[in-house]
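In what follows, a single structure is set out as structure tokens and then discussed.
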Number of protein chains: 2
Amino acid sequence: MDEEASRRYAEEVGVALTQMGTTPSFGTLLGWLLICEPRAQTITQLCDAVGLSKASVSTGMRALEQSGLVRRVPASGRGHAYEIHDDAFARAIDPTAKMRTFLEVLQRGLDLVGDDEARAQRLRHSRDFYAFMIERVPALMEEFRTSEASTHPSSTVAGTGPQEEMS
Amino acid sequence: MDEEASRRYAEEVGVALTQMGTTPSFGTLLGWLLICEPRAQTITQLCDAVGLSKASVSTGMRALEQSGLVRRVPASGRGHAYEIHDDAFARAIDPTAKMRTFLEVLQRGLDLVGDDEARAQRLRHSRDFYAFMIERVPALMEEFRTSEASTHPSSTVAGTGPQEEMS
DNA sequence: TATGGTGTTCAAAACATTCTGAACATACGG
DNA sequence: CCGTATGTTCAGAATGTTTTGAACACCATA
């Protein structure tokens, strides 16, 4: 329950995610939404909680929403509130996203060096590695999803939200 | 062969990797090492090729070396040179590295909220997802490695280098 | 041990990003 | 339809990162 500990936790998540390439406000807001009470929070509540300006919270929340980690819900009083998805990370994170963009880069490199065997080898191995992982990881995620569904049948409906990047 | 096209490619890799969280010099150097001829290059050669200062190349190469993508080799003349590993990405990239750090963060969150069921649910699902992936992805990588070994038996010895982070 | 090429480190400049306050829109309730 | 609570946008300030030039160490050779 400890309000101050929660705030510290939000900051902690903030620095962890910042190291992974997000903005500090993005990570801090996500951290707060992971543990806050009540679960759904308005922009004003978020401002108070994490100590950021309305402007930062507004843009930060849009980013969180577009990345599929958080959704807008009708607020009790005026306006609207935001809450994190139960399965936020499993739904919003595509572990192969970066691999796909780099697969393209490697392929262009192979096109560039043509059939110069000596140089091609450097590129080919890495390209094949990514191709393999990209093909196989989705099945892994699907396996997790089904196993979860059978263990906790009360899951939310599986609306496949936007698959944005984060990690 | 086209010298200028190669330079452009190095820059292209540079921006791709910068978007994934590296410094521009890190990515550009890696891009150049992917396609340069000869394969092993001294710091001086790299300076000329990518148009960065000696200082940037020096620190950039140390980062590449520590991340396990590149190794030092004895140079023909004076000093030493650097060359990229054939299996650079498959060996240097641990797709679960970020998941592991975030798994810890989620676990700390669960410790913090204790047995408050309502709040715990938000954290638990994501934690379980990461735990699942972290457990399973290594086997996938191993599967690729063995399949490669049987296809191209001429691979280099599998010295398990430092498993630093990049993507 | 002097010399030249080679590589490293560091403070400061160049650069880019993020956050904020304030002005502007929007929508609801009275 | 007005007043108020709410939400958005944007220029500039604050902050952080990357690169660089220059001074310093190293090492082979003669």
Side-chain angles (χ1 to χ4, degrees), chain A residues 7 10-33 38 40-67 70-83 165-166, chain B residues 7 10-33 38 40-67 70-83 165-166:
Chain A
R7 206 161 308 168
E11 298 243 352
E12 191 183 333
V13 176
V15 316
L17 280 175
T18 301
Q19 284 168 352
M20 309 175 23
T22 75
T23 68
S25 63
F26 183 100
T28 305
L29 287 165
L30 185 63
W32 176 254
L33 288 171
Q41 306 248 317
T42 67
I43 292 223
T44 318
Q45 286 174 303
L46 291 167
C47 283
D48 294 351
V50 302
L52 289 168
S53 68
K54 241 194 330 176
S56 290
V57 173
S58 177
T59 48
M61 291 314 294
R62 178 165 48 260
L64 279 166
E65 204 187 347
Q66 284 180 348
S67 72
V70 159
R71 78 183 140 203
R72 277 172 109 124
V73 295
S76 42
R78 204 73 64 81
H80 48 259
Y82 296 96
E83 69 177 29
E165 179 63 6
M166 192 209 67
Chain B
R7 205 161 307 170
E11 297 244 351
E12 190 182 333
V13 176
V15 316
L17 280 175
T18 301
Q19 286 168 349
M20 312 176 21
T22 76
T23 68
S25 64
F26 182 101
T28 305
L29 286 165
L30 184 63
W32 175 255
L33 288 171
Q41 305 246 319
T42 67
I43 294 223
T44 318
Q45 285 175 303
L46 292 166
C47 283
D48 294 351
V50 303
L52 289 169
S53 70
K54 243 194 328 173
S56 290
V57 173
S58 176
T59 47
M61 290 315 293
R62 178 165 46 258
L64 280 166
E65 205 187 345
Q66 283 180 349
S67 73
V70 158
R71 77 183 138 203
R72 277 172 108 125
V73 296
S76 43
R78 206 70 67 80
H80 48 258
Y82 295 97
E83 71 176 26
E165 178 62 3
M166 192 208 67

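The analysis underlying the following values was restricted to heavy atoms, covering all of them including side chains, and did not include hydrogens, waters or symmetry mates. Residue numbering restarts at 1 for every chain, and letters A, B, ... go by the order of the sequence lines.
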At 4.0 Å (heavy atoms only), tell me whether Thr23(B) reaches a base, stays on the sugar-phosphate, or touches nothing.
sugar-phosphate

Looking for any heavy atom pair under 4.0 Å, which part of the strands does Ser25(B) touch: base, sugar-phosphate only, or nothing?
sugar-phosphate

Name the closest nucleotide to the Ala55(B) side chain, picking from dG7(D), dG7(C), dA22(D).
dA22(D)

For the side chain of His80(B), counting heavy atoms from C-beta on, which of dG7(C), dT20(D), dA22(C) is nearest?
dG7(C)

Quick check on dG7(C): is either OP1 or OP2 less than 4.0 Å from any side-chain nitrogen or oxygen of Ser58(B)?
no

According to a strict under-4.0 Å criterion, is Ser53(B) in side-chain N/O contact with OP1 or OP2 of dT20(D)?
yes

Kindly say whether [Y] contributes a backbone atom to a donor-acceptor pair with the side chain of [X] at under 3.5 angstrom?
{"X": "Gln45(B)", "Y": "Thr42(B)", "result": "yes"}
{"X": "Arg71(A)", "Y": "Glu83(A)", "result": "no"}
{"X": "Ser58(A)", "Y": "Lys54(A)", "result": "no"}

Which whole-number value in Å describes the distance from [X] [atom1] to [N] [atom2]?
{"X": "Ile43(B)", "N": "dT9(C)", "atom1": "CD1", "atom2": "P", "result": "11 Å"}
{"X": "Gln41(B)", "N": "dT6(C)", "atom1": "CD", "atom2": "P", "result": "14 Å"}
{"X": "Leu46(A)", "N": "dG7(D)", "atom1": "CG", "atom2": "C1'", "result": "13 Å"}
{"X": "Arg72(A)", "N": "dA27(C)", "atom1": "CZ", "atom2": "C1'", "result": "13 Å"}
{"X": "Leu52(A)", "N": "dA14(D)", "atom1": "CG", "atom2": "P", "result": "17 Å"}
{"X": "Glu11(B)", "N": "dT19(D)", "atom1": "CD", "atom2": "P", "result": "11 Å"}

Which residue lies toward the 5' end of DNA chain C, Pro24(A) or Arg62(B), if each is placed at its nearest nucleotide?
Arg62(B)

Heavy-atom pair with the smallest gap, counting every atom of Gly27(A) and Val13(A):
O-CG1, 3.6 Å

Toward the 5' end of DNA chain D, which comes first, Lys54(B) or Thr59(B), by nearest nucleotide?
Thr59(B)

